[in-house]
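If you read the sequence from its start, that first residue is 1, and numbering goes on from there.
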Amino acid sequence: MKKAILIFLMSAIALGANSQSVHVIGVEKLDVTGYYPQFVPGSDDIIVTGQNFKGLKAYNLTTKDEIVISEESGAGYEAVVQSDEVRFDTKDHGSYSYVWSSGSRSKISEESLVSARRIGTGVFAEATRDLRAIEVNGLQGTKVIKPLGEADYLNVSVSPDQTKLAFRVSGLGSFVTDMDGNVLRELGDVEFPKWVDNHTVLYTNTKDDGYQYVSSTVMIASLDNIEGASRLTDLNKQIALFPAVNSLGTKVLFHTPNGEIYLLNVDREQ
């Protein structure tokens, strides 16, 4: 197994209004390939999928062990991670949801006709199938919102306290709204917004040539100081796509167009 590549960065990044500073203390290229990485809370595991969301596998950040969870089509499409469990749907065997336990490192149940993304997640929001609206599911039922009117909605993310949404609108940029779709902040022409905490967002500044990405850097900003957003990755190195952050905001994952997975180690001072 190849040794992980460690590149230490000594930059301090101020986040302004929330009186935080963030130190990116290292970048590690992981010895696993895939796309759309996610952290599994309560464990040292991450999950990644293959091209076109085919298959799903877990990689342990401590032991460096890799386990295949599923080889089926669609298994990696918006798989849900909660506690130490991973819930996912597949296309190969109809509308089934599977639960994989990081603790036992095995598939522990199979639930038919229920989407994995709607099980035990509290408030859940996603773009509708045609991307023309956002569907919000919670204890009060389901509602469909169009915060920017008729548009294509992408990369929907719910804040940890489940009171706000972050998402991208094709051609218009990314936004933060309340759960009814009232715009609270404009993030600008950025992609893949994710919540770090209830007041801080992670996203990428991305450029393409009309056919493929030519650059993409991970950024972090306080909602109180969007203009003061700071860069977490090197503009001239990796093309960083679809970042994910752990619950403490101390580690960030992203993949490159070639399926390389990188881990940022972050020191956040309050």
**OP:** Determine whether Val183 and Val136 fall in the same hydrophobic cluster, where Ile, Leu, Val, Met, Phe, Trp and Tyr are linked whenever their side-chain heavy atoms lie under 4.5 Å apart.
**Re:** yes
Original post:
Do side-chain atoms of Arg231 reach the backbone of Thr233 as a donor and acceptor pair under 3.5 angstrom?
Top reply: yes
Subject >> For Lys143, side-chain hydrogen bond (donor to acceptor under 3.5 Å, both in side chains) partners two or more places apart >> reply: Asp180
Subject >> Path from Phe192 to Leu154 over hydrophobic side-chain contacts below 4.5 Å >> reply: no
Subject >> Minimum heavy-atom distance between Ile220 and Leu202, given as atom pair plus value >> reply: CB-CD1, 4.2 Å
**OP:** Would you tell me whether Thr200 and Asp197 have side-chain atoms, one donor and one acceptor, within less than 3.5 Å of each other?
**Re:** yes
Original post:
Run the side-chain contact (heavy atoms from CB on, under 4.5 Å) check on Val158 and Leu165 step by step: do they pass?
Top reply: CA-CA 5 Å; Val158 180; Leu165 300 173; 3.8 Å; yes
Original post:
CZ/Phe254 to CD/Glu260 distance, rounded to the nearest 0.5 angstrom?
Top reply: 9.0 Å
Subject >> Atom pair CG (Leu131) and CD (Glu126), whose distance is rounded to the nearest 0.5 Å >> reply: 10.5 Å
Original post:
So does Lys64 pair up with Glu28, basic N to acidic O under 4.0 Å?
Top reply: yes
Original post:
Between the side chain of Lys54 and the main-chain N/O of Glu71, is any donor-acceptor distance below 3.5 Å?
Top reply: yes
Subject >> With sequence neighbours excluded, residues passing salt bridge (Lys or Arg N to Asp or Glu O under 4.0 Å) with Asp161 >> reply: Lys164
**OP:** Report the C-alpha distance between Arg168 and Asp189 in whole Å, list the side-chain angles of each, state the deciding distance to 0.1 Å, and finish with yes or no for salt bridge (charged side-chain N to carboxylate O under 4.0 Å, His left out).
**Re:** CA-CA 9 Å; Arg168 183 167 69 91; Asp189 186 17; over 6 Å; no
**OP:** Would you name the heavy atoms of Gly34 and Ile261 that are closest together and state the gap between them?
**Re:** O-CD1, 3.3 Å
Original post:
What's the shortest heavy-atom distance between Tyr203 and Ala221, and which atoms?
Top reply: OH-CB, 3.9 Å
Subject >> Gap between atom CG of Leu264 and atom CD1 of Ile25 - 0.5 Å precision >> reply: 10.5 Å
**OP:** Could you name each residue pair satisfying ring pair (Phe, Tyr, Trp, His ring centres under 6.0 Å) that touches residues 150-169, not counting sequence neighbours?
**Re:** Tyr153-Phe167
Subject >> CA sep, side-chain torsions, deciding dist, call: Val27, Leu263, side-chain contact (heavy atoms from CB on, under 4.5 Å) >> reply: CA-CA 6 Å; Val27 181; Leu263 173 70; over 6 Å; no
**OP:** I would like to know whether Leu30 and Tyr59 meet side-chain contact (heavy atoms from CB on, under 4.5 Å); could you show each step before the answer?
**Re:** CA-CA 9 Å; Leu30 301 181; Tyr59 176 81; 4.2 Å; yes
Subject >> salt bridge (charged side-chain N to carboxylate O under 4.0 Å, His left out) partners of residues 213-222, not counting sequence neighbours, each pair once >> reply: none
**OP:** Please assess Phe242 against Val218 for the test side-chain contact (heavy atoms from CB on, under 4.5 Å), listing each intermediate value before the final yes or no.
**Re:** CA-CA 9 Å; Phe242 288 92; Val218 178; over 6 Å; no
**OP:** Show which residues join Val68 in its hydrophobic cluster (side-chain heavy-atom contacts under 4.5 Å, direct or indirect), or state none.
**Re:** none
**OP:** Only counting residues at least two apart or in another chain, list the ones meeting side-chain hydrogen bond (donor to acceptor under 3.5 Å, both in side chains) with Asp152.
**Re:** Arg132
Which atom pairs, one a donor and one an acceptor, fall under 3.5 Å between side chains of residues 170-177 and the rest of the protein, sequence neighbours left out?
{"unit_1": "Ser174", "atom_1": "OG", "unit_2": "Val190", "atom_2": "O", "d": "2.7"}

Original post:
Could you give the distance from OG (Ser70) to CG (Leu56), rounded to the nearest 0.5 Å?
Top reply: 6.5 Å
Original post:
Is Lys194 reaching over with its side chain to a backbone N or O of Pro243, donor-acceptor style, under 3.5 angstrom?
Top reply: yes
Original post:
Do side-chain atoms of Thr204 reach the backbone of Thr206 as a donor and acceptor pair under 3.5 angstrom?
Top reply: no
Subject >> Short side-chain donor-acceptor distance under 3.5 Å, Asn60 and Asp45 >> reply: yes
Original post:
Between Val40 and Ile47, what is the shortest heavy-atom contact and its length?
Top reply: CG2-CG2, 3.8 Å
Original post:
For the residue pair Phe39 and Leu61, what are the closest heavy atoms and their distance?
Top reply: CE2-CD1, 4.4 Å
Original post:
With ring centroids as reference points, do Tyr36 and Phe53 lie under 6.0 angstrom apart?
Top reply: yes
**OP:** Mind checking the CG-CD1 spacing from Asn258 to Ile239? Nearest 0.5 Å is all I need.
**Re:** 8.0 Å
Original post:
With sequence neighbours left out, what residues match Thr49 under side-chain hydrogen bond (donor to acceptor under 3.5 Å, both in side chains)?
Top reply: none
Subject >> Side-chain heavy-atom pair Ile46, Leu253 within 4.5 angstrom cut-off >> reply: yes
Original post:
Does a side-chain heavy-atom distance below 4.5 Å link Pro160 with Trp195?
Top reply: yes
Original post:
Which pairs with one or both residues in residues 201-212 pass salt bridge (charged side-chain N to carboxylate O under 4.0 Å, His left out), sequence neighbours excluded?
Top reply: none
Original post:
Within the distance-only criterion (no hydrogens, no angle test), does the side chain of Gln38 pair as donor or acceptor with the backbone N or O of Ala79 below 3.5 angstrom?
Top reply: yes
Subject >> All salt bridge (Lys or Arg N to Asp or Glu O under 4.0 Å) counterparts of Lys57, not counting sequence neighbours >> reply: Glu66
**OP:** Could you list all the side chain to side chain donor-acceptor pair (under 3.5 Å) pairs where at least one residue sits in residues 244-254, not counting sequence neighbours?
**Re:** Asn246-Thr250, Lys251-Asn265
Original post:
Is there a path of hydrophobic side-chain contacts, each under 4.5 Å between heavy atoms of I, L, V, M, F, W or Y residues, that connects Leu223 with Leu184?
Top reply: yes
Subject >> side-chain hydrogen bond (donor to acceptor under 3.5 Å, both in side chains) against Thr33, all qualifying residues, sequence neighbours excluded >> reply: none
Original post:
Under 3.5 Å, is there a donor-acceptor pair between the side chain of Thr142 and the main chain of Asn137?
Top reply: no
Original post:
Out of curiosity, Tyr213 OH to Thr256 OG1, how far, rounded to the nearest 0.5 Å?
Top reply: 12.5 Å
